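This one's a predicted model, so the numbers in the text were calculated from it and none came from an experiment.
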Amino acid sequence: MTDFFDSDIVREEIEEINELQKSVYGNVMEFASLDRDEQLEHVDKLTELLEKQRIMYTRLSLSEDPKAVEMKKNIEQSVVIMGFPAGTDIGVLFDGMQKTINNLKDNVDSVDT
């Protein structure tokens, strides 16, 4: 059995996810007042964050490391806390988030056209 969180790749990905989250959440309240380029940059960061989260969830799902299994379980429980039914397919949730991000980008793009 490997120690999932001792992997350099996993630690780097977690650090990148944390940095992206800080950046995204730091601008979320000012989004409407950002100029178009800043809004598009924000949307790009959201897209990158979601992709990294999706990859990390997949890694967690494939691991048998007890800490990874626990983290996956915690993610699934947090989805229920957010109001989704127990057993919600996280892949479907990620797909829904991607659609929301795409709609946001379309709205930013349509403002100047």
inquiry  = Using a strict threshold of under 4.0 Å (side-chain N to carboxylate O), is an ion pair present between Lys105 and Asp44?
reply    =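 No, no charged N to carboxylate O under 4.0 Å.
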
query = Taking NZ, NE, NH1 and NH2 as the nitrogens, is one of them in Asp95 or Arg54 under 4.0 Å from a carboxylate oxygen of the other?
reply = yes

Nearest atoms (heavy-atom pairs only) where [X] meets [Y]:
X	Y	result
Ala68	Phe5	N-CE1, 3.7 Å
Asp89	Gly91	OD1-N, 2.7 Å
Lys45	Ser23	NZ-OG, 2.8 Å
Asp65	Lys67	OD1-N, 2.8 Å
Phe84	Thr88	CB-OG1, 3.5 Å

task = Tell me, yes or no, whether the heavy-atom count around Ile9 atom CD1, taken from other residues, nucleotides or ligands under 6.0 Å, exceeds 12.
result = no

message = So for atom CE, which belongs to Met29, do other residues, nucleotides or ligands contribute more than 12 heavy atoms lying within a distance under 6.0 Å?
response = no

Counting C-beta onward and ignoring hydrogens, is there a side-chain heavy-atom pair between [X] and [Y] closer than 4.5 Å?
X	Y	value
Met71	Phe4	no
Arg11	Asp6	no
Asp109	Leu40	yes

inquiry  = Can you see whether Asn102 engages Gln98 through a side-chain donor-acceptor pair at a distance of less than 3.5 angstrom?
reply    =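 There is such a pair (donor and acceptor under 3.5 Å, judged by atom type) between the side chains of Asn102 and Gln98.
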
inquiry  = Can you tell me how the ring of His42 sits relative to the ring of Phe31, calling it parallel under 30°, perpendicular over 60° and tilted otherwise?
reply    =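 The arrangement is tilted - the two ring planes meet at 30° to 60°.
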
key: Between CG on residue Leu49 and OH on residue Tyr25, distance to nearest 0.5 Å   =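 Answer for the CG-OH pair, Leu49 versus Tyr25, is 6.0 Å.
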
Cut-off 3.5 Å, no hydrogens considered: what does the side-chain donor-acceptor table look like for residues 12-22, sequence neighbours left out?
from	atom 1	to	atom 2	distance (Å)
Glu16	OE1	Lys52	NZ	2.6
Asn18	ND2	Ile14	O	3.3

